[in-house]
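Structure first, commentary second.
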Amino acid sequence: MRVRSLPLPERFVDHFADRGIRELYPPQVAAVEAGVCDGANVVAAVPTASGKTFIAQSALLTADGPGLYVCPLRALAREKYEAFAALPGVDVAISTGDFEATGEELAGHDVVVATSEKVDSAIRNGAEWVDDLACVVVDEVHLLGAERRGPTLEVTLATLRRRNPSIQIVALSATVDNPEEIADWLDATLVESEWRPVDLRTGVCVDGEVAFDDDTTRHVEAGDSDAESGADGRDAAEDGPDATDLAAALVVDAVAEGGQCLAFVRSRTEAAALAERLAGEGLADRMGIGSAATTVADDVADIDETVTGRDLADCLRAGVAFHHAGLRAGHRAAVEAAFRDRAVACICATPTLAAGVNVPARRVVVRDQKRYTGSSMEWLPTLEVHQMCGRAGRPGLDPYGEAILVGEASTREELVDRYVEGDPEAVESKLADPASLRTHVLSAVASGFAETEAEILDVLDGTFYARETGAGGLADAVAVAVDDLVDAGMVRRRGDVETYRLVATPVGETTSRQYVRPETGARIVAGLRTAAGMANATTLTVFEVICDTPDMQDTYLGNRERAEMYRFARSKAAQLTTGMSEPDDFEGWLESVKTARVLDEWIGGATVEELVEAYRLGPGDLDSRVERAEWLLSAAEALADTVGVSVPAVTRARSRI
DNA sequence: GACTTGTTGCTTTAGACAGCATGTC
DNA sequence: CTAAAGCAACAAGTC
């Protein structure tokens, strides 16, 4: 099937032709046959890089009205925004938390690209443009199964469909075990395909021998990093190369043939450690990318003066990089761009890269397949490993992609069963989680969609969860959520016991509008009241309050810091809203104090370099705390306003941050 | 006695979405 | 519920 045969205006056909897209890939043909261009609902469960963006574009460009593209990540939103902006004569807008696009400005565009939370928030705040939509594309729908964000996605979709029953839904999913259930939920035709534009071989490497699933094999020579001693040979020779030696050898092997590599490891430290080790292998020279590598390294070195930045720049000079959430957005973007431009031979990464922006490589090496979860070491979900592996193979550039899991003789079989031949997990709704339910119940009441529990259930009736059990399955949980919200002062029952209506209190309304969770709203209100009664409420006081909410990301408190942090908390007790003996979860509270302290020093003029050094967090971690603090402070200000409490320190903190 | 190597025990462990209305000396 | 790597402090061994 040819692009030209689609019901697309000529200028789009030309645009795609300029990019060499004239013929459709098989999954795209299937999607067209299922009716993406005719307003039909379609769920496409297809591998990464098999042309999902084109499916989305065909749906949105042929829809009879404005369209919405829902993304899980801001970085992805930007990527898609650019893809649409490149189309001739298409008016695109982007709306994510970090992008200034305000309310009604979003009306009147052909396509809006937004994160799911942003759409949810827009609906709560009464945005009317969502009612005019003719088509919604949902990228990565399998995130329906994600702990906190999944419920947001399903409630948002249910609401959109409820308010506009004729809306076309096109959902794009990774390969999962139950795509038919998602399709059934959305009344959509399922398009399922394993087809990829570049072949993918998956293999397991044990002791330097790689056995691929197409029965080919490959041998790599692993240089033992710590076996320098050699001579009398009795002891060190025994255990051979470890996983890191093998991973390094696999990278060098691929680069020697001119192929770029991604190597996935378990932790940030290990990502940096592997990169530094590979920096000694002369990858830049082997790939002949010396000058490009130097340019990138210099650019990265200019971003800041942190150790992380310097280490990264040093690695880049040698043609290697590491990538994880401790890096600042600028660092990450530079690494990703450099890799796409072939200025970097290998990126050593944590799972950030698996689900992020498009960075295809010739070979993907998965060194670690287990992760510490807080109580034990657990196998990574198959879906996640598949997403890592799926990054192998650059369309049009590589003859094939290779994904290699590094294992040991004892785990070989398990790895093959689980990841090479195994199916990914099924997607399951997490809406029954009480915390999520509270949030969405409050939202339904506050935005006026529901005034009774029956109406709440009605709103939830269109969710993925309800498809499984019927909304009735949520009745008890909703009743509990309503009780909790009443107790928390977010919702009030108005009228007789028999015929009451649910109304959001002013606090509940502000909480929902500010997009913070009910627990956060309640904690902030309580904190503000305490602060208002204090003789010397400072910015530290305010930071302690907002850091002690579930919407602030917690900051790791190391063993060595604990005693000192305890002394700090005690010496500042007069400025804190929580007494030293009060918290049920003292550890958690002390972590909040640490975050508050960092933020307070930040507005006091401390530099990123100093804070990163003193508190053992990555520059990216600091940035993300500051970003959240901005958001939570504005919520605090709005809440102070609604309860009529005056805490000048809130405004002071906010203007300084 | 200075330096190297080996041992032991302790510490640490991925990621990332969201608001908003406006002024100031 | 099934951990494992890095690192610092200290001990033993070497020149």
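- Heavy atoms of A:G374 sit nowhere under 4.0 angstrom from any nucleic acid atom.
- Of the possible donor and acceptor atoms, none in the side chain of A:S512 sits under 3.5 Å from a partner among the backbone N and O of A:G508.
- Of the residues A:R328, A:R616, A:R268, the one that meets the salt bridge (Lys or Arg N to Asp or Glu O under 4.0 Å) test with A:D621 is A:R268.
- Side-chain to base pairing of A:R654 with B:dC20: one donor and one acceptor N or O lie within less than 3.5 Å of each other.
- Remark on DNA chain B: of its neighbouring residues A:P351 and A:R513, the 5'-side contact belongs to A:P351, judged by nearest-heavy-atom nucleotide.
- The salt bridge (charged side-chain N to carboxylate O under 4.0 Å, His left out) search around A:D433 returns none, not counting sequence neighbours.
- Under a 3.5 Å cut-off, the side chain of A:K430 and the backbone N or O of A:P151 do not form any donor-acceptor pair.
- With a heavy-atom cut-off of 4.0 Å to chain A, the contacted part of DNA chain C has its first and last nucleotide at C:dC1 to C:dA5.
- A:R277 has a carboxylate O that lies under 4.0 Å from a charged side-chain N of A:D245, or vice versa, which qualifies the two as a salt bridge.
- Considering only residues two or more places apart in sequence or on other chains, A:R562 meets the salt bridge (charged side-chain N to carboxylate O under 4.0 Å, His left out) condition with A:E587.
- Atom C1' of nucleotide B:dT13 and atom CG of A:L557 are separated by 15 Å, given to the nearest angstrom.
- Listed nucleotides: B:dC20, B:dA14, B:dT12. Nearest to the side chain of A:Y556: B:dT12.
- Remark: A:R656 engages no residue in a salt bridge (charged side-chain N to carboxylate O under 4.0 Å, His left out) (not counting sequence neighbours).
- Between the CG atom in A:L590 and the OG1 atom in A:T595 there is a gap of 10.0 Å [rounded to 0.5 Å].
- Distance A:I123 CD1 to B:dG19 C1': 16 Å, rounded to the nearest Å.
- Listed nucleotides B:dC17, B:dG19, B:dT13 differ in distance to A:R148; the shortest reach to its side chain belongs to B:dC17.
- Under 4.0 Å is where a charged nitrogen must lie from a carboxylate oxygen, and between A:D120 and A:R124 at least one such pair does.
- Protein atom CZ of A:R332 is 13 Å distant from nucleotide atom P of B:dA14, rounded to whole Å.
- Within the structure, a side-chain polar atom (N or O) of A:R74 is placed less than 4.0 Å from OP1 or OP2 of B:dC17.
- For the pair A:Y515 OH and B:dA21 P, the computed distance is 17 Å after rounding to whole Å.
- Scanning DNA chain C for stems, defined as runs of 3 or more consecutive Watson-Crick or G-U wobble pairs whose donor-acceptor distances all fall under 3.5 Å, gives the following ranges: B:1-13 with C:3-15.
- As a whole-Å value, the separation of A:D98 CG from B:dC20 P is 15 Å.
- Counting atom types as modelled, A:Q553 pairs a side-chain N or O with a base atom of B:dA16 as donor and acceptor under 3.5 Å.
- Using Watson-Crick or G-U wobble geometry with both donor-acceptor distances under 3.5 Å, B:dA16 finds no partner in any strand shown.
- For B:dG15, the OP1/OP2 oxygens have a side-chain nitrogen or oxygen of A:T350 closer than 4.0 Å.
- Look at the P atom in both B:dA18 and C:dC1: the space between them is 38 Å, to the nearest Å.
- For A:D139, the salt bridge (charged side-chain N to carboxylate O under 4.0 Å, His left out) criterion is met by no residue, not counting sequence neighbours.
- One atom, CZ of A:R628, and another, C1' of B:dG15, lie 10 Å apart when rounded to the nearest Å.
- Using a distance-only test at 3.5 Å, with no hydrogens or angles considered, no donor-acceptor pair links the side chain of A:K594 to the main chain of A:G558.
- Here A:R562 lies out of heavy-atom contact (under 4.0 Å) with every strand.
- Partner assigned to B:dA21 is none, using Watson-Crick or G-U wobble distances below 3.5 angstrom.
- Whole-Å rounding puts the A:H331 NE2 to B:dG15 P distance at 15 Å.
- Ring planes of A:F322 and A:H324: parallel class, angle under 30° (limits at 30 and 60°).
- Screening A:E561, A:E544, A:E564, A:E591 against A:R597 for a salt bridge (Lys or Arg N to Asp or Glu O under 4.0 Å) leaves a single residue, A:E564.
- With sequence neighbours left out, the side-chain contact (heavy atoms from CB on, under 4.5 Å) criterion links A:R371 to A:P351, A:L380, A:P381, A:E384.
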Using atom types as modelled, flag every donor-acceptor pair under 3.5 Å from a side chain in residues 638-650 of chain A to any protein atom, sequence neighbours excluded.
| residue | atom | partner | partner atom | Å |
| --- | --- | --- | --- | --- |
| A:T642 | OG1 | A:L639 | O | 3.0 |

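- OP1 or OP2 of B:dA18 has not a single side-chain nitrogen or oxygen of A:N125 nearer than 4.0 Å.
- One finds a salt bridge joining A:R74 and A:E627 here, because a Lys/Arg side-chain nitrogen approaches an Asp/Glu carboxylate oxygen to under 4.0 Å.
- Under the side-chain contact (heavy atoms from CB on, under 4.5 Å) criterion, A:S634 pairs with A:Q514, A:R654, sequence neighbours left out.
- Crowding of A:E630 atom CD: a count of heavy atoms from other residues, nucleotides or ligands under 6.0 Å exceeding 12.
- Across residues 268-276 of chain A, A:R268 each have a non-hydrogen atom less than 4.0 Å from an atom of DNA chain B (numbered order).
- Of the candidate nucleotides B:dG19, B:dG15, B:dT11, B:dT11 has the atom lying nearest to any side-chain atom of A:R560.
- A heavy-atom distance below 4.0 Å to DNA chain B is reached by these residues of residues 629-649 of chain A, ordered by number: A:E630, A:W631, A:S634.
- A heavy-atom distance below 4.0 Å to DNA chain B is reached by none of the residues of residues 617-626 of chain A.
- Distances were taken from every side-chain heavy atom of A:E117 (C-beta onward) to each of B:dG15, B:dT13, B:dC17; the shortest belongs to B:dC17.
- Place A:R367 and A:S375 on DNA chain C by their nearest nucleotides, and A:S375 ends up nearer the 5' end.
- Among the atoms of the strands shown, none is found under 4.0 Å from any heavy atom of A:D368.
- Both A:T352 and A:Q514 sit near DNA chain B, but only A:T352 has its closest nucleotide nearer the 5' end.
- In A:E408, the CD atom is not crowded: 12 or fewer heavy atoms of neighbouring residues, nucleotides or ligands sit closer than 6.0 Å.
- Here B:dA18 presents its C1' atom at 9 Å from CD of A:E627, a figure rounded to the nearest Å.
- OP1 or OP2 of B:dG19 lies within a sub-4.0 Å distance of a side-chain N or O belonging to A:K118.
- Across the C1' atoms, B:dC17 and C:dT2 are found 33 Å apart, a figure rounded to whole Å.
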